[in-house]
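To start, the structure itself, in structure tokens.
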Amino acid sequence: MAACVECGVDRNAAVNNMPVKKALSAAAPLTLRIVAECTVTKARACDLLLPHGTVSTPVFMPVGTQGTLKGITVDQLEGLACQICLGNTYHLGMRPGSDLIEKANGLHGFMNWKKNLLTDSGGFQMVSLVELSEVTEEGVKFKSPYDGKEILLSPEKSISIQNSLGSDIMMQLDDVVSSTMTGPRVEEAMHRSIRWLDRCIAANKNPDKQNLFAIIQGGLNADLRKTCLDEMTQRDVPGFAIGGLSGGEEKDDFWRMVTLSTDHLPREKPRYLMGVGYLSLPYTLMSHCHLTSKTNFKNYILAVIFLLP
């Protein structure tokens with residue numbers, strides 16, 4: 001389902017105009033309103049209308065891996081004016097399990113969280129839990145860190161879990177490799193991520209309620225990134241993420257890939273720069289990405305202060 005875009009809308013009017021939001025929500029689960037845009041730096045301010053409210057962007061997304069943020073209650077999170085936070089499909093699928101969370105009215109009910117949620121696909125665990133995983137065309141096989149049992153996280157399974165979690169934004173399952181890796185494995189992962197995107201799109205049973213984002217891969221290779229951009233932007237998904245970065249590469253390389261990606265992504269759809277923390281935020285603001293996230297708790301606190309209205 002395509003995202004909608006409106007230009008030149010006053011931000012306060014957009015937030016307060018409930019009849020407009022309801023009408024748009026009935027037609028699509030996502031609307032991007034471009035409030036202001038700089039033709040020199042590419043920076044822009046937008047309102048991202050999602051099923052659980054408006055997110056003013058650019059915004060830093062705190063990570064609640066297992067349905068909670070470390071050291072912060074839901075009330076405190078609301079007090080910090082947080083409009084969206086992130087949950088982890090792999091960890092929530094393992095414990096307490098998607099069936100239980102679905103019975104609790106999804107992750108929103110499980111957390112008692114009334115604002116928006118984004119769930120990642122479990123792809124990053126291919127890197128963070130590399131010693132417990134094996135990637136095949138079917139999916140990624142993990143050994144459970146809890147009981148050692150083997151589980152298969154396929155594109156279809158990842159989307160099934162995220163459908164049960166009921167997140168406002170879901171991420172495709174992508175084939176993730178270290179950002180510093182070179183050679184044929186990077187190209188393999190990029191092409192597999194494209195194939196897996198098609199499987200994720202086909203598996204999504206709630207396209208009218210949940211937004212599925214594609215993830216651009218290709219490592220630090222500009223040609224591979226361009227190939228992935230060319231292919232994925234042909235798919236009618238509501239938004240895009242820039243993946244496979246912020247894993248130890250030089251900042252010059254990081255910025256080069258971000259710039260290349262934002263130059264080729266559709267202007268009318270939101271962009272999510274995955275895994276960046278506080279020190280990368282000033283550049284992110286200038287590259288008109290809308291969403292950023294980081295698991296580091298210290299980075300979360302600094303970024304929230306930095307982005308509070």
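Everything quoted here is computed from the prediction, not taken from an experiment. Heavy atoms only: backbone and side chains are in, while hydrogens, waters and symmetry mates are out. Sequence positions, counted from 1, serve as the residue numbers for this chain.
Transitive grouping of hydrophobic side chains (ILVMFWY, heavy atoms separated by less than 4.5 Å) keeps L92 and L152 in distinct clusters.
Under the 3.5 Å distance criterion, the side-chain polar atoms of N211 are left unmatched by any main-chain donor or acceptor of P238. Side-chain N or O atoms of S164 include none that pairs as donor or acceptor with a backbone N or O of D99 at under 3.5 Å. At distances below 3.5 Å, not a single donor-acceptor pair connects side-chain atoms of T57 with backbone N or O atoms of V59. At distances below 3.5 Å, at least one donor-acceptor pair connects side-chain atoms of S179 with backbone N or O atoms of G247. When atom types are taken as modelled, the side chain of N221 and the backbone of L224 share a donor-acceptor pair closer than 3.5 angstrom. Put simply, the side chain of Q172 gets close to the backbone of S193: a donor and an acceptor are under 3.5 Å apart. No side-chain donor-acceptor contact under 3.5 Å links R271 to the backbone of A241. Between the side chain of S246 and the main chain of G275, a donor-acceptor pair closer than 3.5 Å is present. Side chain of N116 to backbone of G53: a donor-acceptor contact under 3.5 angstrom is found. Side-chain atoms of S160 do not come within 3.5 Å of backbone N or O of E156 as any donor-acceptor pair.
Residue L197 comes nearest to A214 through the heavy atom pair CD2-CB, 3.7 Å, listed as atom of the first residue, atom of the second, then distance. When all heavy atoms of P29 and P51 are compared, the closest pair comes out as O-CD, 3.2 Å. In terms of heavy atoms, P62 sits closest to I84 at CD-O, 3.4 Å. Residues R235 and F240 share a closest heavy-atom pair of O-CZ, 4.3 Å. Closest heavy-atom contact between L153 and S121: CD2-O, 3.6 Å.
For K115, the NZ atom sits in a packed shell: over 12 heavy atoms of surrounding residues, nucleotides or ligands are nearer than 6.0 Å. By the neighbour-count criterion of 12 heavy atoms within 6.0 Å, atom CD of E137 is densely surrounded, having more than that number from other residues, nucleotides or ligands. In E188, the CD atom is crowded: over 12 heavy atoms of neighbouring residues, nucleotides or ligands sit closer than 6.0 Å.
Considering D120, T65, T119 as possible partners of N88, the one that fulfils the side chain to side chain donor-acceptor pair (under 3.5 Å) test is D120. For the side-chain contact (heavy atoms from CB on, under 4.5 Å) with M61, the qualifying choice from L117, L118, V55 is L118, the only one to do so. For the side-chain contact (heavy atoms from CB on, under 4.5 Å) test with T227, the passing option among M190, Q217, E187, M232 is M190; the others fail.
Between the side chains of K141 and T136, not a single donor N or O lies within less than 3.5 Å of an accepting N or O.
R192 has a carboxylate O that lies under 4.0 Å from a charged side-chain N of D175, or vice versa, which qualifies the two as a salt bridge.
Once rounded to the nearest 0.5 Å, the distance linking CD of E37 with SG of C46 reads 7.5 Å.
Between H108 and H52, the angle of the ring planes stays under 30°, which puts this pair in the parallel group of the 30/60° scheme.
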